[in-house]
Amino acid sequence: MRHPSAAAALLAAAVIGGAGLATAPAAAARTGQAPVRAAWLASCPDKKHDTVVPCGHWRLLLRDGRQTTVRDAAIGQIDGSGGEIRDLTTFTVSADGRVVAYERARDHRLMVRRVGGPAKALPAGLRPKGVGTDDLKIELSPTGDKLLIDYTDEPARLPTKVVTVATGKVVELPAGDDALGFSGDGDEVLTARYRSDHTTALYARPLGGAPTSGTPPQVVANAPAHALAPDGRTVASVTTGDAAAKRPSRVRLYDLDSGDLSAAVDLPLTRGETPYALWYAADGTLHVLTQRGDEGEPAVIRVLTADPLSGDVRQSDRYSISERAYAYYAAGE
């Protein structure tokens with residue numbers, strides 16, 4: 001999630017009709033719903049506290065340039081006693097842009113919605129009694145068929161849950177792991193565990209069966225973002241560059257089975273551009289999300305495809321988020 005702007009501005013565009021997703025032009029009914037690039041929420045001035053707050057409805061930026069709204073999604077969270085708090089709610093978009101997940105405004109139930117289609121409420125028990133949505137971190141699998149729910153309780157006692165949306169089947173992962181995301185095919189979850197000897201272990205945990213694990217070097221363990229390939233053993237990581245030191249941002253691969261580390265591939269970024277998320281598609285293509293934009297300016301998002309083995313890096317998409325955005329979530333982050 002990015003929080004690009006604190007500009008005190010109101011949404012200029014009107015929110016159009018209906019419950020659930022409201023589509024801007026009527027042509028959408030004829031052409032079908034395009035995939036989502038990102039979800040964003042506007043900022044509004046709070047004169048009483050001399051600040052800005054999230055407001056309005058979550059808006060979805062589609063690949064064809066249209067926008068839609070998710071009218072039943074909450075913009076704030078609740079604590080363990082059910083009290084409303086001002087912290088921004090979580091929202092996630094599947095990597096393929098076809099599915100979104102969020103908290104429902106009226107009761108804070110977790111919802112999974114196929115874009116342009118119906119929403120499904122997940123069981124209320126996925127948020128245990130006494131746990132607020134401020135203690136939940138959610139992520140969709142690349143095609144949106146599964147939802148990962150990680151609990152940020154401290155000390156960690158609640159196991160991470162993976163729900164298959166269609167069937168409601170729940171698989172639990174160890175509470176002591178930090179969930180980093182799904183593999184490209186959605187069959188595994190990459191997790192990290194921080195050991196008492198100050199090393200980090202990475203695990204590819206299948207949704208049933210024994211995990212594959214490794215203890216990566218610090219350049220991988222300390223990387224700000226990771227992604228697990230569909231093979232269930234290859235971990236991609238990205239490092240943030242340093243312009244002053246003339247050190248570029250780089251991507252490399254680590255093999256959990258062999259411990260092999262690939263050569264680093266430099267990312268061709270512009271000044272002020274930062275890589276912040278990675279994800280694999282089911283065909284093994286590695287995608288890198290980058291962001292650029294100062295406060296009060298539109299955020300410019302690029303999607304790069306990178307092959308660290310060949311060194312090939314290409315831009316596959318580029319778009320911008322309104323300067324009025326309080327925060328946004330790009331597809332796949």
Side-chain angles (χ1 to χ4, degrees), residues 1-2 4-5 9-43 54 56-73 75 91-102 111-120 139-145 165 184 186 270 273 276-283 285-293 297-306 314-333:
M1 185 268 287
R2 303 281 97 180
S5 173
L10 295 171
L11 266 173
V15 176
I16 301 176
L21 285 176
T23 304
R30 300 193 300 271
T31 61
Q33 196 77 51
V36 175
R37 280 170 159 162
W40 67 279
L41 195 60
S43 61
H57 295 286
W58 281 97
R59 301 176 67 85
L60 304 181
L61 175 63
L62 307 183
R63 283 188 178 273
D64 60 9
R66 293 181 291 120
Q67 295 198 41
T68 65
T69 58
V70 188
R71 297 180 63 87
D72 63 335
I75 64 173
F91 199 109
T92 183
V93 183
S94 63
D96 67 0
R98 301 291 183 182
V99 181
V100 297
Y102 54 90
M111 306 291 290
V112 177
R113 180 184 292 275
R114 184 156 291 277
V115 178
K120 181 172 183 176
E139 181 177 334
L140 284 163
S141 61
T143 60
D145 63 323
V165 176
T270 60
E273 186 177 13
Y276 73 96
L278 298 166
W279 58 274
Y280 272 101
D283 64 2
T285 303
L286 177 63
H287 299 265
V288 183
L289 291 173
T290 74
Q291 185 269 344
R292 174 173 57 84
E297 298 178 349
V300 178
I301 312 300
R302 287 206 300 156
V303 184
L304 309 177
T305 60
R314 301 183 184 185
Q315 178 179 295
S316 60
D317 196 15
R318 181 183 184 277
Y319 57 91
S320 61
I321 305 289
S322 172
E323 70 277 5
R324 299 175 307 211
Y326 180 88
Y328 65 85
Y329 294 90
E333 72 168 271

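- In this structure, R324 and W40 have side chains that are in contact, with non-hydrogen atoms separated by less than 4.5 Å.
- A donor-acceptor distance shorter than 3.5 angstrom exists from the side chain of Y319 to the backbone of R37, with no hydrogens or angles considered.
- Nearest heavy atom pair, residue P142 against residue G184, reads CG-O, 3.4 Å.
- Panel note: side chain R113, backbone G117; a donor-acceptor pair is recorded below 3.5 Å.
- V115 and A34 make their closest contact through CG1-O, 4.4 Å (heavy atoms, listed as atom of the first residue, atom of the second, distance).
- R302 meets the salt bridge (charged side-chain N to carboxylate O under 4.0 Å, His left out) test with E273; sequence neighbours excluded.
- Distance OG1/T68 to CG/L62: 5.0 Å, rounded to 0.5 Å.
- Two residues are said to be in side-chain contact when any heavy atoms from C-beta on lie closer than 4.5 Å; V300 and R318 meet this criterion.
- Taken to the nearest 0.5 Å, the CZ atom of R314 stands 11.0 Å off from the OG1 atom of T285.
- With contacts defined as side-chain heavy-atom distances shorter than 4.5 Å, the pair Y328/L61 does not qualify.
- When all heavy atoms of A331 and L289 are compared, the closest pair comes out as O-CD1, 3.8 Å.
- Under the 3.5 Å distance criterion, the side-chain polar atoms of S316 are matched with a main-chain donor or acceptor of V303.
- Atom CD of Q291 is separated from atom CD1 of I321 by 9.5 Å, given to the nearest 0.5 angstrom.
- The CZ atom of R292 sits 4.5 Å away from atom OG1 of T270, with the distance rounded to the nearest 0.5 Å.
- Within the model, atoms CG of L41 and OG of S322 stand 11.5 Å from one another, a figure rounded to the nearest 0.5 Å.
- Nearest heavy-atom pair, A73 versus W58, reported as atom, atom and distance to 0.1 Å: CB-CD1, 3.8 Å.
- Contact record, V93 with A39: CG2-CB, 4.1 Å, taken as the closest heavy-atom pair.
- The shortest side-chain heavy-atom distance between F91 and V100 falls under the 4.5 Å cut-off.
- A distance-only check finds no donor-acceptor pair linking the side chain of S94 to the backbone of L140 [under 3.5 Å].
- When all heavy atoms are compared, the tightest approach of T92 to E333 is OG1-O, 4.5 Å.
- Put simply, OG1 on T305 and CG on L286 are 8.5 Å apart, with the number rounded to the nearest 0.5 Å.
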